[in-house]
Structures are given as structure tokens and as C-alpha cells.
Amino acid sequence: MRLPATPLLSVVIPSYCEGSGVIETLDVVAGVLRKAAIPHELIVIDDGSTDDTWSFLENACATYPRLRAVRFSRNFGKEASIWAGLRHASGDAVLVMDADLQHPPGLIPEMYRIWREARVDVVEAVKTHRSREPLLNRLGARLFYTLMNRLSGFDLDRATDFKLLDRRAVDLLLHLEERNLFFRGIVAWMGFERAQVSFEVPERAHGRSKWTLVKLAGLFTRSITAFSTLPLQLITLAGVLFLLFSLILGTKVFAQWWMGEAVEGFTTVILLLEIIGSLLMLSLGILGTYLARIYEEVKRRPLYVEAAVLASEPSDRPPMVDPDEAPAGSRPPETRA
Ligand code: UDP
Ligand code: MG
């Protein structure tokens, strides 16, 4: 596909309770893009923030050209925000980045340049290391990425959501019918040619991380189940092992009975009951997790609900909003899959 002389870059910024920090980020990003003379549009998704993020965004629409702000009706999570951003983006390439300046905007011109020159579909920024994070987070992340790698075959250890995607990749993602998507995983799954730039993750510029243990655990099971069915096969494997074990033990018990020896081993019975009981529960849990995913998929509910969309006037390029679209901010709530 031939690119226009100055391809448009859409920058998608999911933000949840970032307050005035979102403006700080917009300032830095817009400044970098202007300096590098990259034609761009900015898309900020307010993921149902409970603070004043949205009022900051409303004001920003008056000052920033080509800014689109989308407000979710409630908190749908970062993955849904990324998806909404991809859907709203009209650029030849779409860049996704965090709102807390932990994804250095200074890297954007470099990523844009690599995309144009190397003609790759994905330019991803990977972190050099994760040493600044608390020990527990690092251990959790290690467990997750090792499991993910073993189960799905994708090495996501240093991957981040800071990625630039070519329009081809964005369109492919938007055509996927799945609900349970894990952005980092699905980008690797597409298998397109990827270029990498590395960066050191700076401290959060403002506010605190929005991840709670519950949210992380949710992401953990969601991503594993979305990319692998191996846990299901493990149940069968455990079943086979126990069957073999029970055959051996059964023969022994029967032989002892045959020879008239009293069957002893009350402790063994208790232990076996406990082991088998927990194994069964665990297996049911795994089955249930997959069942829940199937249930979510067949319901076909939208990934998020938009409560409002605001778009500022473009200054340098043709209008981004359809002329026959209702005036900014007055659109009725809409749902997008
Ligand atoms: N975020 C979001 N919805 C959420 C949680 C987070 O859109 O439910 C956004 C958040 O505003 C930020 C990005 O996702 O722009 C990364 O979040 P955070 O910095 O809290 O995560 P961390 O950097 O600790 O992984
Ligand atoms: Mg962060």
C-alpha cells in the first residue's frame, strides 16, 4: 500500500482518573509531534473516571486541534479503552500510549520514522528492565510472562502497550470478532513483521497506578484463557496419571485382601481424598473459567459503552468528523462492539 507523503498518525491515550495529568501528557505529546512535524490526531479515552479527568478533556477540546475525547459510561478497563481508541482513529498509523508519561513521548518520532522507513506493520517499544517495580509485582509479572510464554508461545516479557500499528494491522484487529482480547498478546498473535525500540520505564509523572490485585488477576486469567487451551488438557493429563496410580494401588489393595491381610492406611485414605478433592475442584475451576469466556463471547455484548464523544476543530487537515454527524458532544449515548 502506498502511503501519502505525510501519513497521519493517530495517538490513542487511554486514561482513567488521571486528573490534570492528562493535560500534561497531551501538552508533551502534542509538543513532540509538532516539533517533529508529524501530522496527527489525538484520541483520549476517559475510561469512566470518577475524578475531574473529563472536565479537563472538555476544556482541552477548545485548545487542542484535532483532539477527540471519548467518555465511557463507566470503567471498562484499559483493554476496552485501547479498542475504542483504535476504532476512533482515522490515521494511517495508530500509536497507543499511557497517559502517565511512563511511555516516553520523545520516542514517538523515532517509532514513526522506523514505521515509514522499515515498512513494518508494528513498531513496539519494549522496556529494558522492570527493576523499579516492587518485588511482588516483578515476581507476579515473571510468573505471568513465563506461563504465557509456555502456554501460548509468545514471549511478552518486556512487551508494553506502547506500540505503533500500521493501518493494515489496526483494520485486522478491528475485524476480530473476539471479546476477550489482550492487546499485547493479540499483536504478537497477528505475526506481522515487527520492529522494536527499547526504553527505560520512568516513574509515573503524576497520580498512582490504577491496577489493583483483583484487576491484575482478572487480566491474568483472561489472557491465559484467550491464548491457550493447555490448562484444559492438563486436566485430562492429571486424570490419566491418577488412573494409572489408582490401577497400581487398586492391584496392591486387592492382592492384600486376597491374601487375607487387613487393609491398613487410614492416613493414606484421608490424603488421597484431599488430593483428589482439590484436584477435582481445581479442574472444575479451570473448566468454569473457560465456560465463562465462552459465555461472554456468545452474549456478544459490546466491549464498552460510550456516554459522550467530543471532537475539537481540526486546524491543518480536512475535517475528521463527518459533516452529517451531530454537533460535538450532543450525540446520544452509543454502543460499540
Ligand atoms: N487505565 C485505563 N483504565 C483502567 C486502568 C488504567 O484506561 O481501568 C489507563 C491509565 O490511565 C494509564 C494506563 O491505562 O494511562 C496504564 O495504567 P497505569 O499507569 O495505572 O498502569 P501501570 O503503568 O502501573 O501498568
Ligand atoms: Mg503507568
Side-chain angles (χ1 to χ4, degrees), residues 11-29 42-57 60 67-89 94-105 107-108 124-142 144-145 148 156-163 180-185 199-220 222-223 303-308 336:
V11 178
V12 169
I13 308 176
S15 53
Y16 175 58
C17 296
E18 300 288 352
S20 62
V22 73
I23 301 299
E24 194 185 324
T25 304
L26 279 177
D27 273 341
V28 180
V29 173
L42 302 166
I43 298 160
V44 183
I45 312 293
D46 176 358
D47 186 10
S49 301
T50 45
D51 66 354
D52 48 3
T53 305
W54 183 247
S55 54
F56 277 109
L57 285 174
L67 167 69
R68 182 175 269 226
V70 179
R71 180 174 169 73
F72 282 179
S73 58
R74 64 167 174 86
N75 181 237
F76 283 91
K78 186 183 179 186
E79 294 288 318
S81 313
I82 294 178
W83 242 251
L86 294 183
R87 228 168 256 287
H88 277 276
V94 182
L95 180 120
V96 177
M97 66 182 297
D98 283 2
D100 55 4
L101 294 176
Q102 282 195 299
H103 293 162
L107 267 183
I108 301 176
E124 50 187 10
V126 296
K127 45 192 161 197
T128 40
H129 54 86
R130 48 173 77 243
S131 61
R132 266 174 232 255
E133 295 170 17
L135 182 72
L136 206 66
N137 288 23
R138 263 185 294 158
L139 285 179
R142 168 107 358 246
F144 171 68
Y145 289 117
M148 194 68 186
L156 302 177
D157 187 20
R158 295 189 302 136
T160 65
D161 290 330
F162 191 16
K163 295 185 197 298
N180 285 301
L181 288 160
F182 172 51
F183 184 62
R184 267 168 256 181
F199 72 103
E200 196 149 327
V201 185
E203 292 292 336
R204 223 174 192 285
H206 42 75
R208 290 184 26 228
S209 174
K210 307 300 176 313
W211 288 104
T212 58
L213 203 63
V214 176
K215 269 191 176 180
L216 276 177
L219 186 71
F220 182 93
R222 227 161 256 280
S223 337
L303 273 177
Y304 54 86
V305 178
E306 287 177 7
R336 306 245 174 165

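Computed from a predicted structure; not experimentally measured. For ligands, and for the atoms within them, numbers begin at 1 and follow the listed sequence. If you read the sequence from its start, that first residue is 1, and numbering goes on from there.
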Heavy atom of M97, distance to ligand 1 below 4.0 Å: no
Heavy atom of the protein closest to atom 4 (C) of ligand 1 (residue, atom name, distance): D47 OD2, 3.4 Å
D52 and S55: side chain donor to acceptor below 3.5 Å: no
Identity and distance of the protein heavy atom lying nearest atom 11 (O) of ligand 1: E18 OE2, 2.6 Å
Nearest non-hydrogen protein atom, atom 19 (O) of ligand 1: D100 OD2, 2.6 Å
D47 side chain to F76 backbone, donor-acceptor under 3.5 Å: yes
Validation row: W83, L181 side chains within 4.5 angstrom (heavy atoms): yes
Sphere of radius 2.8 Å around the Mg ion (ligand 2) - protein N, O or S atoms inside: D100 OD2, Q102 OE1
NZ/NE/NH1/NH2 to OD/OE distance under 4.0 Å, D98 and R204: no
S49 backbone acceptor or donor facing T53 side chain under 3.5 Å: no
Shortest protein heavy-atom distance from atom 1 (N) of ligand 1, along with the residue and atom involved: Y16 CB, 3.8 Å
Separation between OG of S209 and CG of L216, rounded to the nearest 0.5 Å: 7.5 Å
Atom indices of ligand 1, in the order listed, that fall short of 4.0 Å to a heavy atom of K215: 4 (C), 5 (C), 8 (O)
Protein heavy-atom partner closest to atom 14 (O) of ligand 1 - residue, atom, separation in Å: K78 CD, 3.2 Å
Identity and separation of the nearest protein heavy atom to atom 5 (C) of ligand 1: K210 CB, 3.6 Å
K78 NZ to I45 CD1 distance, which is reported to the nearest 0.5 Å: 13.0 Å
Over all atoms of both residues, closest heavy-atom pair of P202 and L101: CG-O, 3.5 Å
Donor-acceptor pair, side chain of T25 and main chain of A99, under 3.5 angstrom: yes
Proximity of S81 to ligand 1 by residue part, where a heavy atom lies under 4.0 Å: side chain
Atom pair OH (Y304) and CZ (R71), whose distance is rounded to the nearest 0.5 Å: 16.0 Å
Atom indices of ligand 1 within 4.0 angstrom of R204 heavy atoms, with elements: 18 (P), 19 (O), 20 (O)
Backbone of F183 reached by a side-chain donor or acceptor of E79 within 3.5 Å: yes
Region of N75 engaging ligand 1 - heavy atom pairs below 4.0 Å: side chain
Ligand-side contact atoms (ligand 1) for residue partner G77, heavy atom cut-off under 4.0 Å: 3 (N), 8 (O)
For atom 24 (O) of ligand 1, the protein heavy atom that lies nearest, with its residue and separation: S209 OG, 2.7 Å
Nearest-contact summary for atom 23 (O) of ligand 1 - protein heavy atom, Å: Q102 OE1, 2.8 Å
NZ/NE/NH1/NH2 to OD/OE distance under 4.0 Å, E306 and R87: no
Which of the ligand 1 atoms, numbered from 1, are nearer than 4.0 Å to a heavy atom of D98: 13 (C), 15 (O), 16 (C), 23 (O)
Contacts of R74 that satisfy salt bridge (charged side-chain N to carboxylate O under 4.0 Å, His left out) - sequence neighbours left out: none
